[in-house]
Amino acid sequence: MNADLYSISKALVSRLRRAMYNFSEKTVCDVLDEVLSEDVIVHLAHPLGDMTGADQYYKTAYAPLLNAVPDLERRDYIVIAGSNCVDGQSDEHWVGCAGYYTGTFTNSWLDIPPTGHMMHMRFHEFYRVENNKIVEIQALWDIPELMMQAGAWPMTPSLGRQWHAPAPATQDGVLNCEPDYKTSLASQNLIIDMLTQMQKHPHEGGPEIMQLERFWDPRMSWYGPSGIGTARGIEGFRNHHQIPFLKAMPDRGQYPDEANHHFFADHNYVAVTGWPNMVQTITGDGWLGLNPTGAKIELRSLDFWRIENDLIRENWVLVDILDVYRQLGVDVFARMREMNCVKQYHLAKGGI
């Protein structure tokens, strides 16, 4: 990505971020009309789905959320830009943002009961830029995080620590500096090498084949989505996420033609987006408390990594968990509504 495109891409997304800080319908809609292409393609987490055009994007995603959280506020703690490279050539230009939406949860949203308290919902949002317009958005919102805050998560508990994932430890994730292509390329290569090594397990050897110590800092933090949680250190990462994941889906990475990846880096930060970017089969021990069905599923996992001293120190990961359940025949929202009905019944009877 040349310096001009780097700056233009970030400036486009910056206008949107500023409008969503002091969120109002008119301001946000005006900016969406200005920065999005007329036929922008938008991919959102289940159950929000796919859509085209700024108007449909706002009506589907933001209007209901603003009704539920009237003082809605957007906060970003990672903002990076770069070019996806194919065979050494720049192919697509992306801006990646990580942060959370917050405000007072006063009305229900997606049938999640309001709490009357300040809420937080993580997001990873990726914007593809062409001809000075945003032409595609791939975004995951951690909707299960909000369910948990409302006491309405009806599925299995997280193996990792369930909490509000933090900003980078170095507090430098919103990059406003000039591009550094040499550092960015080295950072991206480290992540791709790490993932390539991981995919050798179990087909080429045991856990040692992944050489985790070669890539990850001993004090690494892995910030997974709600339903999986945060893990600390290589041992925590293995126990609270990787081992259950690999046992459930040992064929991950074996269907490259059915998935896509857009890697890009900005200084010591690296990101990947793809819709989907993984395809694999639920076998082995099952996953997330679900039985191994043998079903082949797609995963949308939008990630950020921070490199420190040539090792990965922090990794933010969002997965469309609700879509995983959907593909396995589980309607999480129906289960949530039933759970809420039972809770309301006991409250009406003077019970819990």
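- A parallel orientation is assigned to the rings of His261 and Phe263, their planes being inclined by less than 30° (bins at 30° and 60°).
- Environment of CD in Glu178: sparse, with no more than 12 heavy atoms of neighbouring residues, nucleotides or ligands closer than 6.0 Å.
- At least one side-chain heavy atom of Ile297 sits less than 4.5 Å from a side-chain heavy atom of Val324.
- Trp109 has its side chain out of reach of Asn67: every pair of non-hydrogen atoms, C-beta onward, lies at least 4.5 Å apart.
- For residues 148-172, there are no salt bridge (Lys or Arg N to Asp or Glu O under 4.0 Å) pairs, not counting sequence neighbours.
- In the hydrophobic clustering of ILVMFWY residues, with side-chain heavy atoms under 4.5 Å counting as a link, Phe123 and Tyr58 come out together.
- At distances below 3.5 Å, at least one donor-acceptor pair connects side-chain atoms of Glu208 with backbone N or O atoms of Gly206.
- Between the side chain of Asn260 and the backbone N or O of Asn277, no donor-acceptor pair lies under 3.5 Å.
- Looking only at side-chain heavy atoms (C-beta outward), Asp217 and Asn309 stay at 4.5 Å or farther from each other.
- The salt bridge (Lys or Arg N to Asp or Glu O under 4.0 Å) contacts involving residues 122-131 comprise Arg74-Glu125, Arg128-Glu130, Arg128-Glu136, where partners must be two or more places apart or lie in separate chains.
- Looking only at distances, no side-chain donor or acceptor of Lys133 sits under 3.5 Å from a matching main-chain atom of Val40.
- For the atom pair CG of Leu66 and CE of Met20, the computed distance is 10.5 Å after rounding to the nearest 0.5 Å.
- The minimum heavy-atom distance linking Val270 with Ala265 is given by the pair CG2-CB, 4.0 Å.
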### Query
Is there a side-chain contact (heavy atoms from CB on, under 4.5 Å) between Met121 and Leu65 once you walk through the steps?
CA-CA 11 Å; Met121 180 174 65; Leu65 184 59; 4.1 Å; yes
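- With hydrophobic clusters built from ILVMFWY side chains whose heavy atoms lie under 4.5 angstrom apart, Leu290 shares a cluster with Met278.
- Nearest heavy atoms, Phe105 versus Ile112: CZ-O, 3.5 Å.
- Hydrophobic cluster membership differs between Leu159 and Ile228, with clusters built from Ile, Leu, Val, Met, Phe, Trp and Tyr side chains linked at under 4.5 angstrom.
- Residues forming a ring pair (Phe, Tyr, Trp, His ring centres under 6.0 Å) with Tyr100 (at least two apart in sequence, or on another chain): His164.
- At distances below 3.5 Å, not a single donor-acceptor pair connects side-chain atoms of Glu204 with backbone N or O atoms of Ile209.
- A side-chain donor-acceptor contact under 3.5 Å links Thr106 to the backbone of Ala68.
- Formation of a donor-acceptor pair under 3.5 Å by the Asp320 side chain with backbone atoms of Arg300 is not found in this model.
- In this structure, His124 has its ring center at least 6.0 angstrom away from the ring center of Trp316.
- The local environment of CZ in Arg232 is crowded, with over 12 non-hydrogen atoms from other residues, nucleotides or ligands closer than 6.0 Å.
- Using a 4.5 Å heavy-atom threshold, the side chains of Ser226 and Ile321 count as separate.
- For the pair Met155 and Pro144, the minimum side-chain heavy-atom distance is 4.5 Å or more.
- Between Lys247 and Asp285 the shortest heavy-atom distance is CD-OD2, 3.1 Å.
- The existence of a salt bridge linking Arg335 and Asp331 is excluded, since no basic side-chain nitrogen approaches an acidic carboxylate oxygen closer than 4.0 Å.
- Here the shortest heavy-atom pairing between Pro166 and Tyr223 reads CD-CE2, 3.5 Å.
- One hydrophobic cluster, built from ILVMFWY side chains closer than 4.5 Å, cannot hold both Val135 and Val129; they sit in different ones.
- Side-chain contact between Pro114 and Ser108 is present, with heavy atoms from C-beta onward closer than 4.5 Å.
- Taking OG1 of Thr273 as the reference point, atom CG of Leu318 lies at 11.0 Å (rounded to 0.5 Å).
- Checked by atom type and distance alone, the side chain of Gln171 pairs as donor or acceptor with a backbone atom of Pro168 at under 3.5 Å.
- Contact record, Val279 with Tyr255: O-CD1, 3.2 Å, taken as the closest heavy-atom pair.
- Side-chain atoms of Gln197 and Asp193 include no donor-acceptor pair closer than 3.5 Å.
- Rounded to the nearest 0.5 Å, atoms CD1 (Ile282) and CG (Asp251) are 9.0 Å apart.
- The 12-atom threshold is exceeded at CG of Asn107, counting heavy atoms of other residues, nucleotides or ligands nearer than 6.0 Å.
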### Task
Take Glu308 and Thr170, measure what side-chain contact (heavy atoms from CB on, under 4.5 Å) needs, and give me the verdict at the end.
CA-CA 10 Å; Glu308 182 178 306; Thr170 45; 4.2 Å; yes
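- Going from atom OG1 of Thr27 over to atom CZ of Arg15 covers 12.0 Å, rounded to the nearest 0.5 Å.
- Taking the side chain as every heavy atom from C-beta outward, Trp94 and Asp266 never approach each other to under 4.5 Å.
- Checked by atom type and distance alone, the side chain of Ser187 pairs as donor or acceptor with a backbone atom of Thr183 at under 3.5 Å.
- Interatomic distance, CG of Leu302 versus CG of Leu140, reported as 4.0 Å (0.5 Å rounding).
- The side chain to side chain donor-acceptor pair (under 3.5 Å) analysis of residues 35-57, with sequence neighbours excluded, yields the pairs Ser37-Asp39, His43-Asp50, Asp55-Lys59, Gln56-Thr60, Tyr57-Tyr62.
- Closest approach of Ala271 to Trp305, counting heavy atoms only: C-CZ3, 4.1 Å.
- Residues Phe23 and Tyr21 do not share a hydrophobic cluster, clusters being chains of Ile/Leu/Val/Met/Phe/Trp/Tyr side chains in contact below 4.5 Å.
- Each of Tyr269, Phe126, Tyr77 was scored for a ring-ring contact (aromatic ring centres under 6.0 Å, His included) with Phe304, with one residue passing: Phe126.
- Contact check for Leu32 versus Leu16: side-chain heavy atoms found under the 4.5 Å cut-off.
- Atom CD of Gln254 sits in a crowded spot, with more than 12 heavy atoms from other residues, nucleotides or ligands closer than 6.0 Å.
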Contacts table for residues 146-154: side-chain donor-acceptor under 3.5 angstrom, sequence neighbours left out:
| from | atom 1 | to | atom 2 | distance (Å) |
| --- | --- | --- | --- | --- |
| Gln149 | OE1 | His120 | N | 3.1 |
| Gln149 | NE2 | His120 | O | 2.6 |
| Gln149 | NE2 | His120 | ND1 | 3.3 |
| Gln149 | NE2 | Glu145 | O | 3.1 |
| Trp153 | NE1 | Thr156 | O | 3.0 |

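- With hydrogens and angles ignored, the 3.5 Å screen pairs a side-chain donor or acceptor of Gln327 with a backbone N or O of Glu298.
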### Worked check of side-chain contact (heavy atoms from CB on, under 4.5 Å) between His241 and Val317
CA-CA 11 Å; His241 169 60; Val317 178; over 6 Å; no
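- No side-chain donor-acceptor contact under 3.5 Å links Asp142 to the backbone of Pro225.
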### Task
Output, in order, the C-alpha distance, side-chain angles, deciding distance and verdict of side-chain contact (heavy atoms from CB on, under 4.5 Å) for Gln280 and Leu299.
CA-CA 8 Å; Gln280 45 223 29; Leu299 270 74; 3.8 Å; yes
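- To the nearest 0.5 Å, atom CZ of residue Phe333 and atom CG of residue Leu110 are 5.0 Å apart.
- The list of ring pair (Phe, Tyr, Trp, His ring centres under 6.0 Å) pairs with a residue in residues 199-218, not counting sequence neighbours, reads Trp216-Phe237.
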